[in-house]
Amino acid sequence: MSLRGGREFLMIPGPTTVPDEVLGAMHRPAVDIYSGPLVEVTMSCLRDLRTVFRTAGDTYIYAANGHGAWESALTNTLSRGDRVVVLESGLFALGWAEMAKRLGIDVIILPGGWRRAADPDQLQAFLRNDREGRVKAVLLTQVDTASGALNDIPAIRRAVDEAKHGALLMVDLIASLGAIPFEMDEWGVDVAVAASQKGLMMTPGLSFVAAGPRAKQVHPKADLRTFYWDWSFRDGPEHYQKYCGTCPEHLMFGFRKALDLILSEGLDDVHQRHRLLAEATRRAVAEWAKGGAIDFNILQPDQRSDSVTVLAMDEAHATPLLDYCRDVCGVVLGIAIGPASGRGFRIGHMGHINAPTLLGTLGVIEMGLAALGIPHGSGGCSAAIAYLAEKTDRTSG
Ligand SMILES: *Cc1c(COP(=O)(O)O)cnc(C)c1O
């Protein structure tokens, strides 16, 4: 028996569901790359990205996935042999570290493990020992999409400051921008990178970098600079310089619409929507966990991200549950990746999500747990619903 007719729910932590309005905005002929309206799309997106990153710094748009933005951040600020420190909190910072190594950067990884956020005290102690100031940058993610960890960026900034260290702070927001609050300037972040296909509700294919004054100051001396990624070239006056070639027009039409949706809802409201739907997810999981077969991957509640929830489960249960949700109900959940591969799953709750998609997803998971006889505490969905009802209570006027 299958119940999957109708619209499939893509509940993975990226790429995420693209709103119909965004898809519609891309359905049009190509236009002259020198036309005024296209230039306005570019300039308005660069400007609105400042609003979303919460910075007065410079923003850049690349026709690339998130890995491209990683490479831009590194090559525009660093030189061969420079040392960087990477804070592990799952998988993704390690990917950035691997890229840095390939570029000839001297990478030191501060191990953090798989089930917790990066530790500011560990970083502070490390930087205090770097008396010669060899470390040029500190790299980490705001959210690690594989472990589900949320890193405390202001606390990381304080750790750098308290160690009286001058390293640049570079943060990967690929799984958090447009979902979770981020304050680039207020938090003292020097370089921030993001991509289109997660919280920002666009298809894969665009990535973004924001550079603050300290990053721009070291940029002229960075010997890893290459023509395509180079900020200086892209700072030039001509429209083609903003992309180092042809504007990825349709991606930009879509992205313009996605930004319109985010800004018309209001960034604070977007963040609040994510916070409530994430907490509803956690309320459900907390009930299911009472059966002993399912648990949060991130041990400490205040380190769990509002954009993705990662669940730990034994191997015998995880794959059948994901198969059931997809094949019987049309809900696609994220597989566990990295060291937990096969032993758990991920619920992406970022971007174009609302109460029905989230509650539908939780309902299907709870159905699957029952249909497959996986031990779980009852009442997960009821707990999620009760929480959302309380948060949207209209009886008090
Ligand atoms: C998805 C993701 C990436 C990789 O992005 P790509 O677009 O696949 O290159 C990097 N970092 C984080 C935190 C991510 O979630």
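Order of appearance sets the numbers: ligands from 1, and atoms from 1 within every ligand.
Aromatic rings from Phe208 and Phe255 are positioned such that their centres are separated by under 6.0 Å. Aromatic ring centres of Tyr60 and Trp229: separated by at least 6.0 Å.
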Let me check something: any side-chain donor-acceptor pairs from residues 83-98 under 3.5 Å, sequence neighbours excluded? List them with distances.
residue, atom, partner, partner atom, Å
Arg83, NE, Asp106, OD2, 2.8
Arg83, NH2, Asp106, OD2, 3.1
Glu88, OE1, Gly112, N, 2.8
Glu88, OE1, Gly113, N, 3.1
Ser89, OG, Asn151, ND2, 3.0
Trp96, NE1, Trp70, O, 3.4

Distance-only donor-acceptor hits, side chain of residues 191-205, under 3.5 Å, sequence neighbours excluded:
residue, atom, partner, partner atom, Å
Ser196, OG, Thr203, O, 2.7
Ser196, OG, Leu206, N, 3.2
Ser196, OG, Leu206, O, 3.1

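Checked options His317, Met313, Met11; the residue passing with Phe345 is Met313 (criterion: side-chain contact (heavy atoms from CB on, under 4.5 Å)).
Legend: residues meeting side-chain contact (heavy atoms from CB on, under 4.5 Å) with Asp20, ordered by chain and number and at least two apart, are Arg7, Leu23.
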Short N or O contacts of ligand 1 with protein, under 3.5 Å, listed by atom name?
residue, atom, partner, partner atom, Å
ligand 1, 7 (O), Gly66, N, 2.7
ligand 1, 7 (O), Gln197, NE2, 2.7
ligand 1, 9 (O), Asn65, OD1, 3.4
ligand 1, 9 (O), Gly66, N, 3.1
ligand 1, 9 (O), His67, N, 2.8
ligand 1, 9 (O), His67, ND1, 2.5
ligand 1, 11 (N), Asp172, OD2, 2.7
ligand 1, 15 (O), Thr145, OG1, 2.3
ligand 1, 15 (O), Lys198, NZ, 2.6

